[in-house]
Colleague: 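Mind looking over this structure? Questions follow.
All chains are named by letter (A, B, ...) in the order of the sequence lines, taking the proteins before the strands, and each is independently numbered beginning at 1. Atom set for the values below is all heavy atoms of this structure, side chains included, hydrogens, waters and symmetry mates excluded.
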Amino acid sequence: MGEEEGVHQTQLLDTMFVRGLKRKCFDGEEDVEGTLAGIKAIPSYNLQRQSLLDMSLVKLQLCHMLVEPNLCRSVLIANTVRQIQEEMTQDGTWQMISTQSTGQTSLDRLVSTDILCRSSREQAEGKHVPGYGTLSKDFEGDEGQDSSETMSTASSVQAPRNLQGNVWEMENPQENKGNFQKSLDQIFETLENKSPNSVEDLFSEVDNSYYDLDTMLTGMMSNTKMGHCDGLETFSSPTNTASNSNCKSDLNELDHIVEILVES
Amino acid sequence: MQASPHCPANVPQPSSEEVTSGADIISTVEFNHTGELLATGDKGGRVVIFQREPESKNEPYNQGEYNVYSTFQSHEPEFDYLKSLEIEEKINKIKWLPQQNAAHSLLSTNDKTIKLWKITERDKRPEGYNLKDEEGKLKDLSTVTSLQVPVLKPMDLMVEVTPRRIFANGHTYHVNSISVNSDCETYMSADDLRINLWHLAITDRSFNIVDIKPANMEDLTEVITASEFHPHHCNLFVYSSSKGSLRLCDMRASALCDKHSKLYEEPEDPSNRSFFSEIISSVSDVKFSHSGRYMLTRDYLTVKVWDLNMETKPVETYQVHDYLRSKLCSLYENDCIFDKFECAWNGSDSVIMTGAYNNFFRMFDRNTKRDVTLEASRESSKPRAILKPRRVCVGGKRRKDDISVDSLDFTKKILHTAWHPTENIIAIAATNNLYIFQDKVNSEMH
C-alpha cells in the first residue's frame with residue numbers, strides 16, 4: 001500500500017490528535033513535537049475519561065437519529081457511559097468544574113459554558129467561578145478549580161419525558177427526538193441527581209445558538225481533547241488527580257439535549 | 001500452513017470497474033455442503049451463486065474455477081408502517097440446506113424476514129406436442145394428421161430460482177444469524193434479544209427458544225450477537241453475547257432455553273483493562289468445528305478456540321491484530337471498534353481464518369502454531385499469482401513492503417470469509433469484490 005494512499009487514512013487517526021501538535025504516541029514510538037516551549041502535554045486521565053464520555057454521548061445521540069439504530073452498538077456505548085459514570089462517582093469527580101482550556105478551541109463554547117457555570121453557581125451557592133482566562137497548555141498543572149457544586153447531567157430527566165416505550169425501540173422516526181430523550185433518560189437515570197435546583201436555573205440560561213449539533217460535533221471532533229484518548233488505554237486504574245478537574249464539555253452535550261427538548 | 005496459495009480466479013463483480021455503489025457491498029459468503037456452489041449476498045438484497053467448473057484433465061490450470069451460476073433478487077427494501085421505519089434489504093446471512101434431491105435450497109435473511117429458495121436446473125425441454133405448435137399456440141386441429149410422442153431435447157442450461165417459503169413476522173429486532181439443524185427439518189434464527197426455532201415447512205408459526213429481553217428495557221446491557229446449531233447433535237446450539245460469553249443450550253432441557261447448559265467465559269485480564277474492554281470482548285461470530293468438539297469465536301482483537309468440555313477459558317487464543325490495542329480510542333471514535341468480523345474453520349479443523357483491515361486476512365495453523373497475513377486486492381494479486389505474505393510493523397525495524405499501523409486503511413475491511421468444506425479453497429469478500437483463492441499444493445493430494 002503506497003504512502004500516498006496511507007496518508008489519508010492516517011488523517012482518520014489524526015483527528016484524534018491535537019491540531020497543530022504532534023502528540024506523544026503512548027507506545028513510545030513518536031516524539032512530541034511542536035508543543036509550546038517544548039512542554040510535554042500529556043493529558044490527564046480525567047481529561048481523557050471526560051472526552052470519552054463526551055464522545056459516547058454524541059454517539060448515542062447520533063445513533064438514535066438513524067432510522068434503524070444498531071442495538072448492539074447502542075448497548076455497548078451505553079455500557080461504556082455507565083462505566084465511566086460509575087468510576088467518576090467513585091472518584092468523586094462527578095462534579096461540575098470550571099472551564100478549562102484545551103487548546104485552540106472556539107472561545108464561543110467556552111463563553112457559553114462559563115455563563116452556564118456562573119449562572120448556576122451564583123444562583124445556587126454564590127461561589128466564585130474562575131474565568132476561563134486560565135488558559136494553560138499544561139494540563140497537569142491546572143489550578144483545579146474544584147467546585148463543590150455538582151452538576152448532574154441527570155437534569156435532563158426533569159425535562160419533559162416520554163414515559164412510553166423505552167430507549168431501545170424506535171417507535172417512530174417522528175419520535176426520534178423523543179427517543180433521544182428517552183435514551184438520555186435511560187442513561188441519566190443511572191447517574192446520580194445531585195443538584196436539581198441549579199439545573200432549572202441552568203436551563204434558563206442556555207444560549208441555543210451555540211448548541212447546533214454541527215457546531216458541537218465540529219467542536220468535538222476537532223477538540224484537542226480527542227487526542228487524549230490514546231492515552232486512556234495506558235491507564236489501568238484511575239489516578240487520583242486532585243488538581244485536575246475537567247471542563248464540563250458534557251455540559252455542552254447537556255445543552256444540546258436541552259435544545260432538543262425545548263424544540264420538541 | 002501450506003505453501004502460498006495460488007489464485008486461479010479472481011472473480012470481480014460486474015460493477016467492480018465503476019465507482020463502488022453501496023448496493024454491491026457483499027454482506028455474506030457461504031459455500032454449500034459439497035463446495036460445488038458458493039453463494040454471496042449483498043447490501044442490495046441480491047444473491048449471486050457461483051458454481052465450480054468440473055476439473056478437466058485437458059486444461060489442468062482451469063480446474064475448479066468458480067463462475068456465475070445464478071443471480072436473483074432475494075429481498076426488497078420494505079417499509080414498516082407501524083414503526084415508520086425502513087427495513088433494509090441487505091442480506092445478513094445465507095445458509096444452504098443439505099441437498100436432498102436434484103434441486104439446491106438455501107435460506108437467506110435480511111433484518112426481519114427469512115426466505116427459503118429452491119434452485120433448479122432445466123436443460124431439456126419437450127418438443128413435438130400434438131396440440132401446440134413450436135411457439136405454444138394451439139394448432140388448428142384440421143391440420144393434425146398424425147400423432148407423435150413428444151421427445152425431450154437438450155436446451156441451454158437454465159437455472160430457475162423460486163421462493164418456496166417466506167418466514168416473516170418472527171422478529172422484532174434485527175436477525176443476525178440463521179442456522180440449519182442437523183435434523184434437516186428445523187432451523188433457528190437469532191436476533192439481538194431472541195432466538196426462534198422454525199420448521200422448514202411451516203411459515204406461520206415459530207417457537208421462541210431463547211429470550212433475553214429484560215422486563216424493563218432500561219436494564220438492557222447484553223445482546224445476542226451470533227448463534228449456531230451443533231453440527232451433529234440436533235438438540236444443542238450455542239449463542240454468543242456482546243459481553244463475550246458463550247452459552248450452550250440443550251433443547252431437551254426445556255422449551256425455553258433461557259437457562260444455559262454451559263456458560264463459556266474467560267475472566268478478564270486485569271492488566272489489559274480499559275473502558276473498551278467490554279466492547280472488544282463482544283463476540284462477533286461463533287462457529288462449531290466440523291468435528292463438533294470445538295467452537296471458534298471472534299472478538300475484536302482475537303480468535304479463540306473453545307473446547308466444549310471446558311467452560312473456564314478457551315484452549316487457544318490467537319491475536320489477529322494486537323497492534324490495534326493502542327488505537328482503540330480512535331477506532332471507537334470512527335466506529336470501527338464495532339465492526340463484526342467472521343471466522344472460519346478449514347475442512348479438517350486444523351486451520352482457522354478471519355479477516356482484518358486493509359483487505360488483510362489472517363490464517364492460523366493450530367498444529368504448527370504458525371500464522372500468515374495475506375491481502376485480497378487486485379493490485380497485489382493477479383490471476384494465478386502466488387499470494388505474498390504481508391506484515392504490519394508496529395515501529396522498530398521496518399522491512400521493505402511492511403505496512404505501518406498508521407497506514408492501514410480502515411475502510412477496507414474483510415468481514416466475511418468462507419472456507420470450502422473439504423478443500424483448501426477460500427472465498428474472501430472485500431467490500432464489493434469477491435476473491436477466491438485455491439491452494440494448488442494441496443489440491444494435488446486429492
Colleague: Any side-chain heavy-atom pair from B:Phe275 and A:Ser56 closer than 4.5 angstrom?
Modeller: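 Not in contact.
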Colleague: Specify the closest pair of heavy atoms between B:Arg273 and A:Gln83, including all atoms of both residues, with the distance to one decimal.
Modeller: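 Smallest interatomic distance, heavy atoms only, reads NH2-NE2, 2.6 Å.
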Colleague: Just give me the residue among B:Asp335, B:Thr225, B:Asn176 that pairs up with chain A most often, heavy atom to heavy atom, under 4.5 Å.
Modeller: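 Ranked by contacts with chain A, first place is B:Asp335.
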Colleague: Under a 4.5 Å cut-off applied to non-hydrogen side-chain atoms, are A:Cys72 and B:Lys340 in contact?
Modeller: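 Counting from C-beta outward, A:Cys72 and B:Lys340 do come under 4.5 Å.
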Colleague: Against chain A, label B:Ser282 side chain, backbone, both or neither, depending on which of its atoms sit under 4.5 Å from a heavy atom there.
Modeller: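 Contact with chain A involves the side chain of B:Ser282 alone.
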Colleague: Rounded to the nearest 0.5 Å, what's the gap from CD1 on A:Ile77 to CD1 on B:Ile279? Could you check?
Modeller: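 Atom-to-atom, A:Ile77:CD1 and B:Ile279:CD1 are 7.0 Å apart.
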Colleague: Distance check, rounded to the nearest 0.5 Å: A:Leu76 atom CG versus B:Phe276 atom CZ?
Modeller: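 Answer for the CG-CZ pair, A:Leu76 versus B:Phe276, is 12.0 Å.
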Colleague: Do the side chains of A:Leu71 and B:Leu193 get nearer than 4.5 Å, heavy atoms only?
Modeller: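 The answer is yes, as the side chains (C-beta and beyond) meet within the 4.5 Å cut-off.
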Colleague: Are there over 12 heavy-atom neighbours, none belonging to B:Asp80, within less than 6.0 Å of that residue's CG?
Modeller: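 Atom CG in B:Asp80 is crowded, with more than 12 foreign heavy atoms closer than 6.0 Å.
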Colleague: Does atom NZ of B:Lys243 have more than 12 heavy-atom neighbours from other groups under 6.0 Å away?
Modeller: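 Yes, NZ of B:Lys243 has more than 12 neighbouring heavy atoms, counting only those of other groups under 6.0 Å.
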Colleague: Under 4.5 Å from any heavy atom of chain A, what part of B:Ile224 do you find: side chain, backbone, both or neither?
Modeller: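 Looking at B:Ile224, nothing touches chain A.
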Colleague: Does A:Lys59 make a cation-pi contact with B:Phe338 (under 6.0 Å, within 45 degrees of the axis)?
Modeller: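 Geometry flag: not set, cation outside 6.0 Å or 45°.
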Colleague: Show the nearest heavy-atom pair for residues B:Leu220 and A:Asn79, with the distance to one decimal.
Modeller: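 Residues B:Leu220 and A:Asn79, closest heavy atoms: O-OD1, 4.5 Å.
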